[in-house]
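Chain letters run A, B, ... following the sequence lines, proteins first, then strands; residues in each count from 1.
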There are 2 protein chains.
Amino acid sequence: MNNRTKEGMGTHSGRTFIEEARRRQIVQHAVDVIAEHGFAGATLARIAERAGISKGVISYHFDGKDDLMYEVLTLYESEEQEFIYARVDAQETATDALQMYLRTNIEYMAVHPKHLKAVVEIVIAAKDSKGKRKFDVTSVEWMEDELSRLVSILTRGQESGEFRTFDPRVMAISIRGAIENIAMYILTYPDINVSDYADELTGMFMRATREDSG
Amino acid sequence: MNNRTKEGMGTHSGRTFIEEARRRQIVQHAVDVIAEHGFAGATLARIAERAGISKGVISYHFDGKDDLMYEVLTLYESEEQEFIYARVDAQETATDALQMYLRTNIEYMAVHPKHLKAVVEIVIAAKDSKGKRKFDVTSVEWMEDELSRLVSILTRGQESGEFRTFDPRVMAISIRGAIENIAMYILTYPDINVSDYADELTGMFMRATREDSG
DNA sequence: CTATTATCTGACCGGCTGGTCAGTTTTTGT
DNA sequence: ACAAAAACTGACCAGCCGGTCAGATAATAG
């Protein structure tokens, strides 16, 4: 009486304690391997070896590599979203929201740099393999979703007069690019002062967005 | 009397007309395949098929896949650098230099989006496979090189009083991130107005860098 | 025209990939 | 205690990867 919902992602309906634990363990080790070797270098053999289990176990608990990657993506994506938007949505003005958005993004990636790297790696890989029926839609939608949330903050700021006139989409793309690039550097040089980075980033985009004073 | 310098990259010493043509052809098709399928999906078989030649021809003219990728990287990287810095270095003030830097970057990627995508794909892949003796150093150095040039422009602006006080490195990383992310979007949605993107980007970072007026 | 060299083909190789499965061990239920 | 279900192992598979090579073909030189 095993595989009930395997492919039915999301809600963990009737899973054993052991199964739940194994899945979590595998996902965690998968993240480590992806962060270390990139998506292409994250083979099932390597993930299994890292977890100290047989390769077959992964196939037993997941419907293949794609399913595992999808799990990694959705798990840490939602984890990040919750962390960030719990704080962002608590802000009243768009200015505060944007500032909090930048700050919590940096803060989150300082605590979980591997998670972010893994998510980015998967999304990029999924984008590249477009048309080969992988996790396509989801991955592209993640980018778009993240972007549209940011766009709505920016638009709100423009409507309230806090922000100047600019293309919210270009601004959002630039902000995401800045954040993701800084994430790469935090991973490469872990000994940097994250708080300073957050200050710099907020100072930068506060000036880039606010109404011209003159 | 064939392979003379094969591995000795760079200067094409004594190459046949045919060899030179074939190499160029292979590199061009390699770029197309990388841009379309990503680095991981750019197999020798696919590149050969696209070029309408046998797989062995690639091995005949290049010392393996790494050599081909290295060729793609160096060729289009230098091409881009020349295009951009020919204009950037002609500017007198740091403000003009930065503005030209942003504008020509967008302009270049509008003309050669595939080249840029290919370079980014290779650099990312090389970064991931770090420690596995590929083109490691070079790829990381490209990023660092690109970054240090930008940093020097920013530092110059700060010394001349054009720019406010900020961490030039963080700013440079953010600018690169914004440019590269926009590149991805231009590739995804080719029907956007590139000129507008350039205007938005310059407006954004002009405000982010300039001395506060008050 | 002929011999030599350069170029190219297509079959082939070992190695690694994701994935499968018969059989063994562990956990669970009674 | 014991049977059934769950969890796991390790050997195995086909398929693709980068790369090689003997032999076919094309270009060139004498």
Side-chain angles (χ1 to χ4, degrees), chain A residues 1-7 12-26 29-30 33-34 37-72 122 125-126 128-129 132-135, chain B residues 1-7 12-26 29-30 33-34 37-72 122 125 129 132-135:
Chain A
M1 207 189 296
N2 179 20
N3 48 349
R4 286 162 302 261
T5 51
K6 282 274 186 62
E7 70 295 336
H12 44 88
S13 47
R15 291 221 182 89
T16 316
F17 173 79
I18 288 180
E19 173 148 28
E20 207 66 61
R22 265 277 186 262
R23 286 176 68 96
R24 231 179 299 125
Q25 182 210 15
I26 292 170
H29 285 289
V33 175
I34 295 170
H37 300 280
F39 181 88
T43 66
L44 292 185
R46 218 166 345 219
I47 294 169
E49 185 192 11
R50 177 77 59 113
I53 57 177
S54 168
K55 218 177 46 167
V57 182
I58 298 176
S59 297
Y60 180 77
H61 290 287
F62 295 90
D63 276 359
K65 194 184 181 184
D66 287 359
D67 187 41
L68 172 58
M69 293 301 156
Y70 181 87
E71 194 82 1
V72 173
I122 295 172
D128 286 341
S129 67
K132 256 168 292 163
R133 221 175 311 100
K134 290 211 168 186
F135 14 55
Chain B
M1 209 189 295
N2 179 21
N3 48 349
R4 286 162 300 261
T5 52
K6 281 274 184 64
E7 71 293 335
H12 44 87
S13 47
R15 292 219 181 89
T16 316
F17 173 77
I18 289 180
E19 173 147 28
E20 206 66 61
R22 265 276 186 261
R23 286 177 68 96
R24 230 180 299 125
Q25 181 208 16
I26 292 170
H29 285 289
V33 175
I34 295 171
H37 299 281
F39 180 87
T43 66
L44 291 184
R46 235 195 295 248
I47 295 169
E49 186 193 10
R50 177 77 59 113
I53 56 176
S54 170
K55 218 176 42 165
V57 182
I58 298 177
S59 297
Y60 180 77
H61 290 286
F62 295 91
D63 276 359
K65 195 184 181 184
D66 287 358
D67 187 42
L68 171 58
M69 292 302 155
Y70 182 86
E71 193 82 1
V72 173
I122 295 173
S129 68
K132 256 170 292 163
R133 221 175 312 103
K134 290 210 170 187
F135 15 55

Could you state the [atom1]-[atom2] distance from [X] to [N], rounded to the nearest angstrom?
X	N	atom1	atom2	value
B:Phe39	D:dC17	CZ	P	13 Å
B:Ile47	D:dC17	CD1	C1'	12 Å
A:Gln25	D:dA7	CD	C1'	13 Å
A:Glu49	D:dG10	CD	P	13 Å
B:Glu19	C:dT5	CD	P	17 Å
B:Ile58	D:dT20	CD1	C1'	14 Å
A:Ile53	D:dA6	CD1	P	19 Å

* **Minimum heavy-atom distance between A:Asp128 and B:Phe39, given as atom pair plus value** =>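 Distance-wise, the nearest heavy atoms are OD2-N, 4.5 Å.
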
* **Non-hydrogen atoms of A:Val33 and A:Ala42 that approach each other most closely** =>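 That would be CG1-CA, 3.7 Å.
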
* **Selection from C:dC8, C:dT9, D:dC8 that lies nearest to any side-chain heavy atom of B:Ser54** =>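 Of the options given, the side chain of B:Ser54 lies nearest C:dT9.
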
* Residue A:Tyr60, side-chain heavy atoms: nucleotide from D:dA6, D:dT9, C:dC8 that is nearest ->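 Shortest atom-to-atom distance from the side chain points to D:dA6.
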
To the closest 0.5 Å, what do you measure between [atom1] ([X]) and [atom2] ([Y])?
X	Y	atom1	atom2	value
A:Glu20	A:Arg15	CD	CZ	5.5 Å
B:Met69	B:Ile122	CE	CD1	5.5 Å
B:Asp63	B:Glu71	CG	CD	10.5 Å

* State whether B:Arg22 places a side-chain N or O below 4.0 Å from either non-bridging phosphate oxygen (OP1 or OP2) of C:dA6. =>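 No, B:Arg22 has no side-chain N/O under 4.0 Å of OP1/OP2 on C:dA6.
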
* Does C:dC8 have OP1 or OP2 sitting under 4.0 Å from an N or O in the side chain of B:His61? ->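 It does, given that an N or O in the side chain of B:His61 lies less than 4.0 Å from OP1 or OP2 of C:dC8.
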
Any N/O pairs under 3.5 Å between the protein and nucleotides 24-28 of chain C? List them or say none.
none

* Axial bend angle, the helix from C:dC1-D:dG30 to C:dT30-D:dA1: five-pair end segments, nearest 10° ->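 It works out to 10° between the end axes.
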
Could you go through nucleotides 14-20 of chain C and list every protein N or O atom that sits under 3.5 Å from one of its N or O atoms, giving the distance for each pair?
unit_1 : atom_1 : unit_2  : atom_2 : d
C:dG18 : OP1    : A:Lys65 : NZ     : 2.8
C:dG18 : OP2    : A:Leu44 : N      : 2.9
C:dG18 : N7     : A:Lys55 : NZ     : 3.4
C:dG19 : OP2    : A:Lys65 : N      : 2.7
C:dG19 : O6     : A:Lys55 : NZ     : 2.5

* With a 4.5 Å heavy-atom cut-off, do B:Ile47 and B:Ile34 have their side chains touching? ->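 Sidechains of B:Ile34 and B:Ile47: no contact.
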
* Could you tell me whether the side chain of A:Leu44 reaches within less than 4.5 Å of the side chain of A:Lys65, counting heavy atoms only? =>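 A:Lys65 vs A:Leu44: side chains touch.
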
* To do: Quick one: list whatever passes salt bridge (Lys or Arg N to Asp or Glu O under 4.0 Å) with A:Arg24, sequence neighbours left out.
  =>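 Listed in chain order: nothing, the list is empty.
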
* **Side-chain (B:Arg23) to main-chain (B:His61) donor-acceptor, under 3.5 angstrom** =>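 Checked: pair present.
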
* **Listed partners of A:Thr43 passing side-chain contact (heavy atoms from CB on, under 4.5 Å), at least two apart** =>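 Testing A:Thr43 for side-chain contact (heavy atoms from CB on, under 4.5 Å), a comparison that skips the adjacent residues, returns A:Ala45, A:Arg46.
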
* Asked: Mind checking what makes side chain to side chain donor-acceptor pair (under 3.5 Å) contact with B:Gln25, not counting sequence neighbours?
  ->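 Result, side chain to side chain donor-acceptor pair (under 3.5 Å) vs B:Gln25: B:Arg22.
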
